[in-house]
Amino acid sequence: MALNDDIMAKFYITTPIYYVNDKPHIGHAYTTIAADVLARYHRLIGDEVLFLTGTDEHGSKIAESAKKAEMTPQEFCDQTSAKFSLAWDELDISNDDFIRTTEQRHITGVKNILNKLKESGAIYEGEYKGLYCVGCERFLTEKELIDGKCPIHKTEPQQISEKNYFFNLKKFLPRLEKMIDQNEIKILPDNRRKEVLGLFKQGMDDFSVSRESVKWGIPLPFDENQVAYVWVDALSNYLTALDYSEGSEKLKKFWPADLHLMAKDILKFHALYWPAMLMALGEELPKTIFAHGFFMIDGEKMSKSLGNFIDPHDLVAEFGSDAVRYLLLSQFPFGVDGDVKLGNFAIQYNSDLANGIGNLTSRVLAMVEKYFNGVVPAEDGGLSGEVGDIWSDYQKAMAEFRVDLAIEAIRKLISIADGYVDVNKPWELAKSDQEKLAKVIYNLLEVLRHLALMLYPVMPECSQKILSALGKSDFTSLTIEELKKWGGLVAGSSVAKSEQLFPRLVKAE
Ligand code: ME8
């Protein structure tokens, strides 16, 4: 968090890099939108933010998908990776960088990492025999199989025996367990932390860092017949995006990552393999790893075969980017599993956005226009206490990465403002008490300013529209303390009429 104007804090946030074997769906969008909300929030409070996302492009799964599409792996990756960038543009994702594992900067970085791991003695040569599932891109144990098949992909794993290089995970486990236990590396939410600590109790094997049988990957710098195991390749992106090398300025400035965000499916790789690799490299460990829940669509797992594969593009076309961001994040608490009921989206859009934010904004701006010719009429502190409390809830939520609770705080602010209108009845004051009317309108306008600032991370477009109606669209030169202070609007300044922020959807009625 920014400490004062001179000392700027940094905030390095990452999403997983997504597999390019298929186009993006709303599961990917969910993580990326949440990361964007946190990145934008940290920019709002004055931090220097590096927000990284990207695509994971190596491995046999992707080579197979390319073959099916009758393309070279590289052509296939280029095509699908572009679909991810496009989806993020459509959703107003403000990532500072987009890394692809087929880029030269990544390949160079991974080779550096592998060389360093080898030199440190963390990598040794061995033989691997096992049952490999191409869908999972990992070896499965006999115990995991159901009727001899992978429980996720329902296919028989291949029996593979090959020369491999291994990472000496066991050596790092005691130190890592202690660090997780003592929250030196925070794993959130707490139940996930407990799950990870449970894994130490079960015991873990070393993992292989290379594959002989896979061809589509980064060759090991010390053995060209092997390619880097996809997870070693993929996890390294968090460092290669910082131009991982001795003299890298970016590395010095942004490492360690402040937050690796993902769903629970890949927590083990991030909470165990990755920190152990970093220890071997002599690098600091990420400060926080947050694994949110997995969601189902209308009670079913999302999959193409069930016909419920939701493309974020279709949702944006129907509701607009701001609304999709809001609707996806407000379905259930951030961190637990949940069900997304698409049928409720239009209803919630109308109640929270058209009637809630949209209606409040247009009502207040219409009253300034009607009663005061579009000029801020007075200055008053009538709602400053309430707004201060909401800021506290909102900032606490953001500090704990609870984007859902930040949205909850915003909702509360809207209901305070709606209640204030109902109690004070400006249309009656207009006939009886001009002085009080001016104060009431001022307080409502000032609430709109605070509301728009809080909305900026979640719904950047609507936030900008409200701020520009208030003549406050350029807020980047102000500190969060200045922005939060009650009284940012000055009596006598002009306010514009607002365009309709969220037109009502008729089909929901
Ligand atoms: O695992 N609910 O990529 P991936 C919530 N390349 N989040 C979901 C979701 C759902 N139903 N489905 C997907 C990989 N996600 C690796 C990562 S990182 C170094 C390498 C999101 O394309 C969620 O963030 O399978 C999950 O962790 C991620 O997509 C998995 O993406």
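In listed order, ligands and their atoms are each counted from 1. Only heavy atoms go into these numbers, but all of them, side chains included; no hydrogens, no water, no symmetry mates. Position 1 is the first residue of the sequence; numbering continues from there.
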Please verify the inter-ring angle class for Tyr349 with Phe319; under 30° counts as parallel, over 60° as perpendicular, anything in between as tilted. tilted

Going by atom type alone, with no hydrogens or angles, which donor-acceptor pairs under 3.5 Å involve a side-chain atom of residues 256-273 and a protein atom two or more places apart or on another chain?
residue, atom, partner, partner atom, Å
Asp258, OD1, Lys287, NZ, 3.1
Asp258, OD2, Lys10, NZ, 2.7
Asp258, OD2, Tyr12, N, 2.8
His260, ND1, Thr14, OG1, 2.7
His260, NE2, Trp274, NE1, 3.1
Lys264, NZ, Asp337, OD1, 3.3
Lys264, NZ, Asp337, OD2, 2.7
His270, ND1, Ile266, O, 3.0
His270, NE2, Tyr238, OH, 2.7

Any salt bridge (Lys or Arg N to Asp or Glu O under 4.0 Å) pairs touching residues 72-90, not counting sequence neighbours? Asp78-Arg100

Establish, yes or no, whether a centroid distance under 6.0 Å links the rings of Tyr128 and Phe166. yes

Under the rule for ring-ring contact (aromatic ring centres under 6.0 Å, His included), what residues qualify as partners of Tyr456, not counting sequence neighbours? Phe475

Do any nitrogen or oxygen atoms of ligand 1 lie under 3.5 Å from a protein nitrogen or oxygen, and which ones?
residue, atom, partner, partner atom, Å
ligand 1, 2 (N), Phe295, N, 3.1
ligand 1, 6 (N), Ile17, O, 2.8
ligand 1, 6 (N), Asp56, OD2, 2.7
ligand 1, 11 (N), Phe295, O, 3.2
ligand 1, 22 (O), Tyr19, N, 3.0
ligand 1, 22 (O), His28, NE2, 3.3
ligand 1, 24 (O), Thr31, OG1, 2.6
ligand 1, 24 (O), Ala263, N, 3.4
ligand 1, 27 (O), Ala263, N, 3.0
ligand 1, 27 (O), Asp265, OD1, 2.8

Parallel, tilted or perpendicular: which one describes the rings of Tyr41 and Tyr394, with boundaries at 30° and 60°? perpendicular

